[in-house]
Amino acid sequence: MIFPIELDEVTKAILQRIMTHKREWEDMKKRMKWSFILFLFSLTLFGLYIYQTVVIPNHSSTERMVVAAIDDERIFWFTAFVGSLGWFVSFYKKKSDKAEQDFHALRCEFIQKSSELLEKRAWEKRHVLYEWMKETYDISLYHENK
């Protein structure tokens, strides 16, 4: 990794870990988004299937609808499939939240200790590093707030 200013190895390692956590957080957000889209799509298909196979043919009696839903084995498998997709959404949501917390904790730690981590020459040119991090990786090192 080539940084725009000269840094010591410890600072480079910390900045690379911040970048890695940022990538991990974005990856988890992407996975959560796609699993949620897939969940909504399959839930819509499941609703249409229930409507066409259970509700329309048995609309005269609620009891007949319940019996038809219980007798159809595909409804059980569809429910299991949609439920597992819902579990994936929850799983990726937790992973995304954890990755976000780790990223922000490491970023805030760097901001708090930047005066100790950056040597005198690097400290004077820190704005070049911060601007490069912001433009290249969308990581703000100016303030602890998001």
Side-chain angles (χ1 to χ4, degrees), residues 1-56 58 62 65-146:
M1 172 75 46
I2 299 172
F3 291 96
I5 62 173
E6 193 172 314
L7 299 169
D8 62 352
E9 293 302 317
V10 174
T11 308
K12 285 180 184 176
I14 292 172
L15 289 173
Q16 286 175 343
R17 283 190 52 210
I18 290 172
M19 291 178 226
T20 303
H21 281 281
K22 173 78 174 190
R23 268 187 251 121
E24 184 180 318
W25 176 35
E26 289 175 347
D27 183 49
M28 287 299 144
K29 280 194 321 189
K30 230 182 269 179
R31 288 180 186 195
M32 185 184 74
K33 181 180 118 188
W34 282 109
S35 63
F36 186 69
I37 289 170
L38 188 61
F39 171 73
L40 287 180
F41 181 71
S42 64
L43 192 63
T44 302
L45 288 178
F46 182 59
L48 289 172
Y49 179 78
I50 292 286
Y51 184 72
Q52 287 187 344
T53 59
V54 175
V55 175
I56 291 178
N58 305 305
T62 306
M65 280 194 259
V66 171
V67 170
I70 292 172
D71 286 345
D72 192 348
E73 185 179 307
R74 284 177 270 179
I75 290 175
F76 170 78
W77 293 113
F78 225 144
T79 303
F81 179 71
V82 172
S84 64
L85 287 176
W87 181 84
F88 269 115
V89 172
S90 172
F91 176 76
Y92 285 128
K93 172 76 175 136
K94 288 178 186 172
K95 287 279 205 179
S96 174
D97 290 346
K98 174 84 168 94
E100 181 182 10
Q101 285 177 351
D102 291 347
F103 165 70
H104 285 297
L106 192 58
R107 189 180 66 86
C108 289
E109 185 178 340
F110 179 82
I111 291 169
Q112 290 167 357
K113 295 182 178 178
S114 61
S115 62
E116 299 167 18
L117 290 170
L118 297 173
E119 297 168 356
K120 186 176 181 184
R121 279 190 6 207
W123 178 254
E124 292 169 357
K125 294 181 180 180
R126 69 184 183 277
H127 66 282
V128 175
L129 174 68
Y130 291 0
E131 193 64 34
W132 179 76
M133 290 288 286
K134 179 71 179 161
E135 289 177 5
T136 310
Y137 297 102
D138 194 27
I139 298 172
S140 175
L141 296 175
Y142 291 107
H143 307 286
E144 289 185 28
N145 295 336
K146 294 179 184 177

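Position 1 is the first residue of the sequence; numbering continues from there. Computed from heavy atoms alone, side chains included, the values below leave out hydrogens, waters and symmetry copies.
Distance check, rounded to the nearest 0.5 Å: CD of E119 to NZ of K125 gives 12.5 Å. Note that the CZ atom of F39 and the OG atom of S84 stand 10.0 Å from one another [nearest 0.5 Å]. Rounded to the nearest 0.5 angstrom, I14 CD1 and E109 CD are separated by 7.0 Å. In this structure, OG in S114 is found 9.0 Å from CD in Q112, a value given to the nearest 0.5 Å. For the atom pair I56 CD1 and M65 CE, the distance stands at 11.0 Å (nearest 0.5 Å). The line from CG of L43 to OG1 of T79 is 10.0 Å long, rounded to the nearest 0.5 Å.
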(request) Test I139 against F103 for side-chain contact (heavy atoms from CB on, under 4.5 Å), laying out the working first. (result) CA-CA 10 Å; I139 298 172; F103 165 70; 4.1 Å; yes

(request) Could you go through the side-chain contact (heavy atoms from CB on, under 4.5 Å) check for M133 and Y130 one step at a time? (result) CA-CA 5 Å; M133 290 288 286; Y130 291 0; 5.7 Å; no

(message) Before you tell me yes or no, could you show the steps for F91 and W87 under ring pair (Phe, Tyr, Trp, His ring centres under 6.0 Å), namely the whole-Å CA-CA distance, both residues' side-chain angles and the distance that decides it to 0.1 Å?
(response) CA-CA 6 Å; F91 176 76; W87 181 84; 5.3 Å; yes

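For the pair L106 and H21, the tightest heavy-atom approach, listed with the atom from each and the gap, is CD2-CD2, 3.6 Å. Taking each heavy atom of N58 and A68 in turn, the nearest pair found is ND2-CB, 3.1 Å. Among all heavy-atom pairs drawn from I75 and F46, the shortest one is O-CE1, 3.9 Å. When every heavy atom of I111 is checked against every heavy atom of S140, the shortest pair comes out as CD1-O, 4.1 Å. Of all heavy-atom pairs between S42 and F81, the closest is CB-CE2, 3.9 Å. Contact between A99 and E24 at its shortest, heavy atoms only, is CB-OE2, 4.1 Å.
For the salt bridge (Lys or Arg N to Asp or Glu O under 4.0 Å) criterion with D27, the lone passing option out of K30, R31, R23, K29 is R31. Under the side-chain contact (heavy atoms from CB on, under 4.5 Å) test applied with W25, the options Q101, H104, K95 reduce to a single match, H104.
Between Y92 and F88, the ring planes are parallel. Angles under 30° get that label, and only those over 60° would be called perpendicular.
No side-chain heavy atom of K134 sits under 4.5 Å from any side-chain heavy atom of L141. Counting only heavy atoms from C-beta outward, the side chains of L129 and P4 approach each other to under 4.5 Å. You'll find the side chain of F78 reaches within 4.5 Å of the side chain of L45, heavy atoms only.
Contact check on E26 versus K22 returns a salt bridge, with a Lys/Arg side-chain nitrogen under 4.0 Å from an Asp/Glu carboxylate oxygen. Remark: K98 engages D102 in a salt bridge, criterion side-chain N to carboxylate O under 4.0 Å.
Remark: R126 is positioned above the aromatic ring of W123, its terminal NZ or CZ atom under 6.0 angstrom from the ring centre and at most 45 degrees off the axis.
Other residues, nucleotides and ligands contribute over 12 non-hydrogen atoms within 6.0 Å of the NZ atom of K12. Heavy atoms from other residues, nucleotides or ligands lying under 6.0 Å from CD of E6 number 12 at most. At most 12 heavy atoms of other shown residues, nucleotides or ligands fall within 6.0 angstrom of atom CH2 in W34. The local environment of OH in Y49 is crowded, with over 12 non-hydrogen atoms from other residues, nucleotides or ligands closer than 6.0 Å.
Judged as a side chain to side chain contact (heavy atoms under 4.5 Å, CB included), and not counting sequence neighbours, the contacts of T11 are L7, D8, L15, F110, L117, L118.
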